[in-house]
Amino acid sequence: MSTDRKTSLTDKQTKNGTSKYVLERCASINEYYDIAFKVMLLGDSAVGKTCILVRFKDGAFLGGNFIATVGIDFRNKVVDVDNLKVKLQIWDTAGQERFRSVTHAYYRDAQALLLLYDITSKLSFDNIRAWLTEIHEYAQKDVVIMLLGNKSDMAAERVVKTEEGEKLAKEYGVPFMETSAKTGVNVELAFLAIAKELKHRVTQQPNEPKFQIHDYIESQKHKSGCCSLV
Amino acid sequence: MKLLTFGPIALCLYVCPLRCVSLPSVAVMDGEAQRAAVSWENGTLAPVDRLRSERADSPTPGLVEGTEPGAGQKSAMFVHAQSFEDLTAETEEVAQRDAELDKSEGECTDELKVLVGEKTIEEQRNSISSETRSKEEDVSSEAWRSHRKHVFVLSEAGKPIYTRYGTEEALSSTMGVMMALVSFVEAEKNIIRSIHADGCKVVFLTKSPLVLVGVSRTCQSDKELLRELQYIYYQIVSLLTLTQLNHIFQHKQNYDLRRLLAGSEYLTDNLLHRLDRDPGLLLSAVTCLPLASSSRDVVSSSLQAAKAKNLVFSILLAGDRLVTLVRKKDQFLHHIDLHLVFNLVGSSSSFREGEGWTPICLPKFNTAGFFHAHISYLEPASELCLILVSTDREDFFNMSDCKQRFLERLSKRSAYQALKEALKCPSYSVAQVGIPELRHFLYKSKSSGLYTSPEFPAVYQSDEEQERLMGLYQDLHSCLHHPTRPLRSFYRCGETENLLAWVTSGFELYLCFSPLATKALAVSAVNKLLKWIRKEEDRLFILSPLTY
């Protein structure tokens with residue numbers, strides 16, 4: 001008898017397309033994926049690594065007090081790349097020095113690294129070179145690196161010019177953009193570009209042209225730049 | 001006693017443990033209660049490992065350690081013996097140290113003696129909100145000076161590492177003076193313990209390569225202040241390990257340790273706050289989430305089943321309450337280490353989402369190395385936090401897998417629902433005991449290292465009142481555990497409440513009665529309460545701790 005009731009309930013839900021059904025479907029979509037990649041967030045303490053992640057994952061901004069990440073924080077997000085479900089396993093690391101040894105242990109598993117600095121902190125920008133040295137020491141040779149200048153909404157307190165970031169990125173041959181976890185500018189793009197690049201690496205056919213992450217970012221970045229002006 | 005005169009301040013080195021007594025009420029030793037306690041002591045020694053069915057329905061005169069209500073059946077989860085470090089701590093009274101050394105590890109049950117402490121009420125008035133502001137406070141202001149209790153940590157080179165109020169930079173000269181005092185006395189082949197001056201106590205704890213200084217206007221004894229400093233010391237060791245600390249300072253004597261401790265100040269701030277408020281830190285015990293033993297057993301066995309090679313401890317918390325703890329065979333967790341874990345989890349919302357992975361040194365287990373803890377909440381909005389402690393730095397995915405297996409197993413069982421239900425009422429009312437005059441109590445089972453306590457009744461609803469009551473308990477605790485004149489029992493009549501404290505080899509009990517209660521009533525209430533706890537022990541305590 002109970003089975004009957006259940007069936008009828010399910011029918012009703014399917015017909016009406018109730019919210020419960022939709023939720024269930026979403027949950028199962030979150031579980032399902034075609035390929036998975038490990039992405040790591042790096043940078044000095046308080047540059048906004050956790051905030052970028054929360055903006056990307058939940059579309060929210062962690063305002064108010066600074067909460068230092070303890071050790072490493074691990075979260076998943078599945079994104080759509082050219083009709084393929086790509087699961088990003090994201091390691092959010094603590095910026096503090098005492099956690100370096102733990103983060104080192106997880107560098108070599110990472111396929112992509114998002115390296116952040118804070119445009120209002122010269123020190124965090126100056127430390128980027130040290131971070132890159134560390135990355136070359138511990139990470140995989142072919143790891144995808146992206147440099148992000150975060151807190152771009154704080155124009156009044158800016159001490160690192162966009163050009164300085166671009167110059168440094170060019171020197172190391174890594175893509176670069178300025179982001180804001182607060183307004184959401186370029187956050188989605190940063191993760192999606194990474195996901196696209198990684199996906200293309202895996203699924204690329206011999207005769208297919210190579211995915212150009214730099215070009216993709218440039219085209220998308222300008223678009224979002226226009227939108228943010230409106 | 002050696003006395004140095006230093007301007008208007010008298011420096012008393014090696015001060016006798018004289019307590020500054022400023023009790024608002026008359027303290028009376030209760031002869032009757034003491035006799036009763038002695039008679040309890042003389043009962044037969046029952047075997048420690050007894051089956052649940054064999055357990056007496058009511059407490060008998062032979063209630064000794066291992067048979068008191070709340071005593072675990074198999075073996076305790078915590079280390080009860082003192083570690084070598086405790087025994088050799090330079091801060092301990094020599095006589096006591098000798099007495100302790102005589103006891104074998106297994107017999108040495110009274111770890112409280114090491115960490116005796118009490119807090120006073122006034123100190124705790126600094127609310128969290130004022131603490132967050134206090135960092136920017138002007139250190140030359142009267143407000144800064146008038147804080148009830150200051151805590152400073154510095155390196156042996158005199159470099160500031162931590163201050164509870166104000167900024168370290170602003171205090172570098174003050175800390176320089178502190179180091180000068182330490183070195184001055186050390187040059188005479190002596191150790192500075194404390195300075196007593198003008199209603200203010202300055203207590204020093206030298207734990208090379210760190211020096212910890214407490215400045216207190218409370219009436220806590222030196223010993224109690226030292227116990228708190230020791231906690232702060234362990235907190236720092238838990239972040240870095242002693243090996244790393246030593247290495248750093250051997251390498252570079254004037255290293256600025258704040259660089260490595262950056263972002264951890266809130267842990268020390270919170271620990272100091274806990275030391276003022278949490279009965280667990282006072283009793284050297286932890287409290288459990290009340291839960292039917294059948295449900296708890298299912299949770300424990302699900303956790304036991306989710307094991308891995310390098311997994312040492314699995315701890316399930318509900319807020320500040322222990323749901324269950326499963327440990328590797330022969331490995332014990334010290335209550336100090338567990339309190340440090342509680343502090344880490346409770347102080348940061350960083351673990352709320354996702355899965356956390358962090359190195360943690362458990363200093364009472366091993367000061368030399370890090371464990372790695374996988375910390376996650378079972379459900380996003382849930383209070384249930386699972387901590388899996390592994391020995392391997394690269395064990396994240398194994399631990400993550402353990403958590404998944406535990407969750408899958410548990411969610412199939414009805415015990416998970418029962419556990420969620422239990423979370424809705426994490427405490428109980430004292431009215432359940434059925435003693436009208438009884439307002440509140442703390443009961444610690446010594447052999448299990450667990451304590452139970454009801455929620456605060458209506459008369460102690462405000463923060464001030466709760467802290468005042470905690471202060472009274474702390475005062476009783478320090479009387480019972482006085483280093484030279486310990487008491488078995490203590491009855492105290494006050495204007496607002498009457499208190500009875502009682503310690504036996506099996507338990508420690510603190511009761512708070514309405515001021516209309518009598519001494520005779522209080523003594524008879526003990527029996528009634530113990531019967532009630534015996535009846536409820538299945539729910540209030542973890543009686544059958546598991547190992548992998």
Side-chain angles (χ1 to χ4, degrees), chain A residues 27 30-31 36 38-41 43-47 49-60 62-77 88-110 121 123-124 127 130 138, chain B residues 128-129 132-133 135 236-241 244-245 248 255-267 341 343-361 369-377 380 387 390 392-397 399-401 403-404:
Chain A
N30 262 332
E31 286 302 308
K38 293 199 180 80
V39 181
M40 210 166 174
L41 290 161
D44 278 11
S45 177
V47 297
K49 295 181 291 297
T50 306
C51 287
I52 284 275
L53 175 56
V54 170
R55 164 61 71 185
F56 171 62
K57 197 173 172 287
D58 308 319
L62 288 173
N65 287 335
F66 167 62
I67 303 158
T69 303
V70 181
I72 297 181
D73 186 44
F74 182 79
R75 304 182 200 196
N76 288 319
K77 169 129 179 162
L88 296 176
Q89 303 183 317
I90 305 162
W91 295 98
D92 179 21
T93 64
Q96 280 96 17
E97 200 177 317
R98 68 169 182 283
F99 293 116
R100 288 297 144 80
S101 64
V102 212
T103 30
H104 288 166
Y106 289 87
Y107 266 40
R108 63 163 184 275
D109 289 338
S121 156
L123 183 67
S124 75
N127 282 337
Y138 295 99
Chain B
I128 301 225
S129 61
T132 52
R133 272 182 282 130
K135 278 286 172 192
I236 293 172
V237 171
S238 123
L239 292 166
L240 299 173
T241 73
Q244 197 186 346
L245 262 183
I248 289 164
Y255 184 83
D256 185 357
L257 196 65
R258 284 180 306 155
R259 218 178 106 183
L260 275 183
L261 292 175
S264 71
E265 299 83 359
Y266 70 99
L267 285 174
V341 171
N343 190 42
L344 174 69
V345 173
S347 301
S348 180
S349 55
S350 147
F351 306 112
R352 271 274 156 207
E353 305 268 331
E355 297 168 62
W357 181 244
T358 181
I360 181 171
C361 169
F370 277 122
F371 281 108
H372 289 80
H374 180 279
I375 303 171
S376 62
Y377 284 83
I387 301 136
S390 162
D392 185 359
R393 189 171 72 179
E394 303 190 15
D395 230 6
F396 174 85
F397 289 104
M399 292 302 110
S400 186
D401 180 51
K403 184 212 167 172
Q404 278 313 317

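Throughout, a chain's letter reflects where its sequence line sits, starting with A, and its residues are numbered from 1.
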Which atoms of A:Gln96 are under 4.5 Å from chain B, going by heavy atoms: the side chain, the backbone, both sets, or neither? side chain
Segment of B:Ser264 engaging chain A (4.5 angstrom heavy-atom cut-off): both
Are A:Tyr138 and A:Arg108 close enough that some pair of their side-chain heavy atoms sits under 4.5 Å apart? no
Evaluate the side-chain proximity of B:Leu260 to B:Gln244: yes if any heavy-atom separation is below 4.5 Å, no if none is. yes
Taking salt bridge (charged side-chain N to carboxylate O under 4.0 Å, His left out) as the test, write out the residues that go with B:Asp256, two or more places apart. B:Arg258
Contacting moiety of B:Leu240, where chain A heavy atoms sit under 4.5 Å: side chain
When the 4.5 angstrom heavy-atom criterion is applied to A:Ile72 and chain B, the contacting part is both
Tell me, for B:Leu344 versus chain A, whether the close heavy atoms (under 4.5 Å) come from the side chain, the backbone, both or neither. side chain
Measure centre to centre between the rings of B:Phe370 and B:Trp357, then say whether the value is under 6.0 Å. no
So what's closer than 4.5 Å to chain B heavy atoms on A:Ser101: side chain, backbone, both or neither? both
Which region of B:Glu353, side chain (C-beta onward) or backbone (N, CA, C, O), has a non-hydrogen atom less than 4.5 Å from a non-hydrogen atom of chain A, or is it both or neither? both
Which answer fits A:Phe66, side chain, backbone, both or neither, if we ask what part of it has an atom under 4.5 Å from a heavy atom of chain B? neither
Under a 4.5 Å heavy-atom cut-off, does chain A meet the side chain of B:Ser349, its backbone, both or neither? both
Is there a side-chain contact between B:Pro359 and B:Arg393 in this structure, where contact means two heavy atoms from C-beta onward sitting under 4.5 Å apart? no
Assert top hit (heavy-atom pairs under 4.5 Å, partner chain B, pool A:Asp109, A:Ile67, A:Val70) equals A:Val70
Does A:Lys77 reach the main-chain N or O of A:Phe56 with its side chain, forming a donor-acceptor pair under 3.5 Å? yes
Sort A:Thr69 into side chain, backbone, both or neither according to what part of it lies under 4.5 angstrom from a heavy atom of chain B. both
Would you say A:Val102 and B:Thr358 make side-chain contact, with heavy atoms under 4.5 Å? no
Does any backbone or side-chain atom of A:Asp92 lie under 4.5 Å from a heavy atom of chain B? Answer side chain, backbone, both or neither. neither
Between A:Trp91 and B:Phe397, what is the ring plane arrangement, given parallel below 30°, perpendicular above 60°, and tilted in between? perpendicular
Does B:Ser347 reach the main-chain N or O of B:Asn343 with its side chain, forming a donor-acceptor pair under 3.5 Å? yes
For chain B, find which of A:Gly71, A:Ser45, A:Gly95, A:Ala46 contributes the most heavy-atom pairs closer than 4.5 angstrom. A:Gly71
